[in-house]
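Data block below; observations after.
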Amino acid sequence: MTATAEGRGSFTGASAQAYSRVYSISRELMTATAGGEVKVGDNSKLKLVGSVEKSNHDETLENGAIYTFGGLAGTYAIGENQVDLALNPANGLSNSANWSANPASAAVVTHLPMTDKVYTARADYSFNSFPFSEGLGLSTGVNWRRLHRVFNQSADNYTLPSGSAYTLDKVLVDGGKRSTFDGQGIVYVDHDAYWNFVRANGTNNRTTSPTGSFDLTEDVIAGYGAVHYNSDIVHALAGVRYEKTAFDNATATLRAGVATPVSFHRSYDYLLPNVQASVDVLPVLRLKAAYTETIARPTFTTFAQGLTINNFSSLNVLIRGSNPDLKARHAKNYDLAVESYLSHGFLSAGLFRKDISGEIYFLTTTTNDPTTGVASQLSTPYNAASSKVTGLELNAEWRDFTGLTPVLDGVTLRANYTRLWGRLGVLNANGSGRTIGALNQQPTYIANAMAVYDKGPFTGSLSYARRGQAFNGGVGATAAGDTYIQSYDSLDARIAVRPVTRIEVFVAARNLTNSWWREVTGVNRNHRDPVGKVLYRRCPVPVLNPCRHSHATCSWRRSSDRCLPVGRVPCRGTGSRPGRPARSISITSTPGVAMRPSSSRPTARRS
């Protein structure tokens with residue numbers, strides 16, 4: 001590629017691509033729950049609940065071989081909303097018979113079946129701690145949950161005999177009448193025709209993933225106690241929750257292509273305080289404050305899967321995989337709020353802060369044995385960083401505009417604005433630390449406004465949302481390589497009518513602003529990567545192969561697969577976890593591991 005100006009340039013040696021990719025998922029769930037409540041005296045209650053649940057969750061990803069037409073050249077211009085391409089004329093490009101795939105290139109069907117069995121038991125005792133209670137009260141309880149998860153990954157790899165005719169014209173929808181073969185238009189691949197051809201003529205080599213599969217049993221036992229106080233003016237709670245997590249897991253270590261079964265047992269526990277209070281200083285004004293501690297357990301793929309060990313040479317060893325020693329992320333949460341309840345509306349303002357320890361990063365640590373000279377690289381997740389986020393949240397709602405005009409009877413206006421300030425500690429490639437001014441997936445602000453009409457059988461709404469620039473979790477070797485999502489907005493509308501009480505007919509439109517979800521990187525973050533719409537739309541027609549220009553990167557690809565939703569939902573915060581320090585000489589890192597949350601509230605169940 002040759003850059004002629006910022007965001008503009010020319011390229012050669014590119015390839016147009018078309019392929020079939022289908023993702024399918026099926027779920028089956030069976031559950032049984034039994035329980036009961038016993039009234040103990042006039043002002044207390046004992047509640048017992050137990051449940052058994054079994055679920056089957058099967059995912060299949062079918063990736064067809066890629067049909068290509070190579071030798072393309074042209075120019076590009078990265079615009080505000082999309083990347084514009086101009087291809088030079090290429091002989092034979094419009095003939096689908098000239099688009100071919102390598103017979104030795106495998107068409108892969110990946111199978112991801114997972115089975116869960118969940119058993120729970122819970123006992124809760126409440127004394128004078130009900131919504132209508134006054135004075136001092138007490139609540140206490142214990143709960144237990146066991147999860148048995150079995151995950152087995154395998155793949156069917158189909159290859160065609162050498163010399164097989166493997167051209168695109170054989171697998172097109174309607175013989176290619178709906179497709180455009182100019183290197184930029186959409187090509188519609190007939191999924192069924194393609195896979196029927198491959199299965200009838202190809203050879204299948206079925207493979208398994210011993211390090212990606214696991215058999216896990218996780219037990220969580222918790223107990224809590226809390227003191228309550230309720231009056232006409234004051235509502236307060238002070239309590240503590242103890243939670244212990246223990247698991248047994250079986251997976252494998254893969255070395256030089258040979259899988260060795262491994263198993264391990266780990267456990268960790270936390271004591272989580274919870275203090276909350278609200279005071280009605282006026283009939284229409286309430287002040288609220290809270291201090292809580294929460295945890296969020298690591299996802300199973302970060303600690304339950306195995307290790308793969310590659311010996312690139314006698315002096316170079318690379319180890320990749322999960323980390324069974326991960327612990328939960330731990331967060332300390334501070335909240336202050338003021339709420340005003342008006343006759344026809346509501347106003348509130350709140351401040352919150354979350355200090356998180358034990359953030360999980362994927363780190364690559366390098367150690368050298370001075371005796372043997374062997375350099376070992378270990379690439380696994382660690383509890384290796386801390387973060388914090390502070391926020392201001394404003395809410396308003398008004399439900400009566402008839403004083404202005406009777407025409408507005410039934411109209412409600414709602415608005416919300418949240419401003420966020422985050423700090424995330426990360427590590428550079430040389431091992432030095434630096435700070436990113438946002439948590440993973442945290443935007444600088446979130447703003448929402450909605451107008452709702454509801455009267456008689458008719459309802460309607462018009463909602464506008466805007467999200468500021470957000471850090472998307474991509475950490476570069478330096479700040480210039482960090483990846484962000486640009487700010488974007490969306491306008492949605494919905495109209496409905498209820499002809500009878502239990503039937504509603506509606507029409508809805510989403511993303512009327514036709515907004516893009518764009519990733520940016522580089523010193524000035526001005527190079528766009530248009531990877532998808534905010535909502536569920538077919539992917540915008542992208543370009544050819546990865547390109548690099550100046551200090552930023554962009555990449556795009558054409559395919560016939562359906563788009564997955566790419567709008568990412570920001571979190572006010574999650575839990576965190578303390579862990580072991582990593583000895584290293586050189587370190588690279590990638591943050592942003594999704595967590596399994598656990599509430600610290602004494603009466604809340606773990607999700």
Side-chain angles (χ1 to χ4, degrees), residues 1-21 63-108 160 163-191 193-194 197 516 518-522 527-533 537-563:
M1 298 192 68
T2 302
T4 58
E6 185 177 27
R8 295 176 177 271
S10 61
F11 59 86
T12 59
S15 297
Q17 301 179 348
Y19 55 91
S20 172
R21 175 174 295 171
N63 285 311
I66 299 175
Y67 294 89
T68 63
F69 185 96
L72 298 178
T75 60
Y76 68 89
I78 303 176
E80 178 66 24
N81 291 319
Q82 64 183 22
V83 176
D84 295 319
L85 279 184
L87 292 178
N88 299 336
N91 293 329
L93 176 61
S94 60
N95 186 355
S96 60
N98 294 328
W99 295 52
S100 61
N102 184 355
S105 177
V108 182
L160 293 175
S164 299
Y166 205 43
T167 54
L168 181 59
D169 58 306
K170 295 180 172 59
V171 291
L172 291 172
V173 174
D174 296 332
K177 296 178 181 179
R178 298 167 52 193
S179 300
T180 303
F181 304 98
D182 61 359
Q184 299 186 73
I186 297 176
V187 175
Y188 295 94
V189 176
D190 189 322
H191 171 77
Y194 171 79
F197 178 83
W516 288 66
R518 297 187 296 266
E519 289 186 353
V520 293
T521 187
H527 285 227
R528 279 81 174 181
D529 180 6
V531 295
K533 293 282 188 176
R537 291 285 189 90
R538 178 173 294 278
C539 291
V541 177
V543 207
L544 306 172
N545 285 323
C547 71
R548 296 187 180 276
H549 170 63
S550 183
H551 49 257
T553 64
C554 60
S555 64
W556 53 93
R557 180 175 55 191
R558 176 190 316 286
S559 72
S560 62
D561 43 328
R562 291 185 289 272
C563 283

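Since the structure is predicted, the reported quantities are computational estimates derived from the model, not experimental observations.
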Closest approach of A65 and A107, non-hydrogen atoms and distance?
N-CB, 4.1 Å
Passes side chain to side chain contact (heavy atoms under 4.5 Å, CB included), F11 versus L85? Steps please.
CA-CA 10 Å; F11 59 86; L85 279 184; 3.6 Å; yes
Just to verify, what does D169 make a side-chain hydrogen bond (donor to acceptor under 3.5 Å, both in side chains) with, not counting sequence neighbours?
T167
Tell me, please, which residues at least two apart from V108 pass side chain to side chain contact (heavy atoms under 4.5 Å, CB included).
A106, T110, A155, N157
Nearest-0.5 Å distance that lies between atom CG in D182 and atom CG in L93
6.5 Å
Can you name the nearest heavy-atom pair linking L72 to S15, along with the distance?
CD1-C, 4.3 Å
Qualifying residues under side chain to side chain contact (heavy atoms under 4.5 Å, CB included), relative to F181, sequence neighbours excluded
S96, W99, L168, L172, S179, V187
Could you work out, with side-chain hydrogen bond (donor to acceptor under 3.5 Å, both in side chains) as the rule, every residue matching N63, not counting sequence neighbours?
R21
Working for side chain to side chain contact (heavy atoms under 4.5 Å, CB included), residues Y188 and D174
CA-CA 9 Å; Y188 295 94; D174 296 332; over 6 Å; no
Checking T12 now: which residues fulfil side-chain hydrogen bond (donor to acceptor under 3.5 Å, both in side chains) with it, not counting sequence neighbours?
none
Of all the heavy-atom pairs spanning Y19 and G64, show the shortest one and how long it is.
CB-O, 4.1 Å
Quick one: ring pair (Phe, Tyr, Trp, His ring centres under 6.0 Å) partners of Y194, sequence neighbours excluded?
none
Residue pair G183 / A16: nearest heavy atoms and the distance that separates them
CA-CB, 3.9 Å
Rounded to the nearest 0.5 Å, what's the gap from CZ on F69 to CG on N95? Could you check?
9.0 Å
In Å, rounded to the nearest 0.5 Å, how long is the span from OH of Y67 to CD of Q17?
13.5 Å
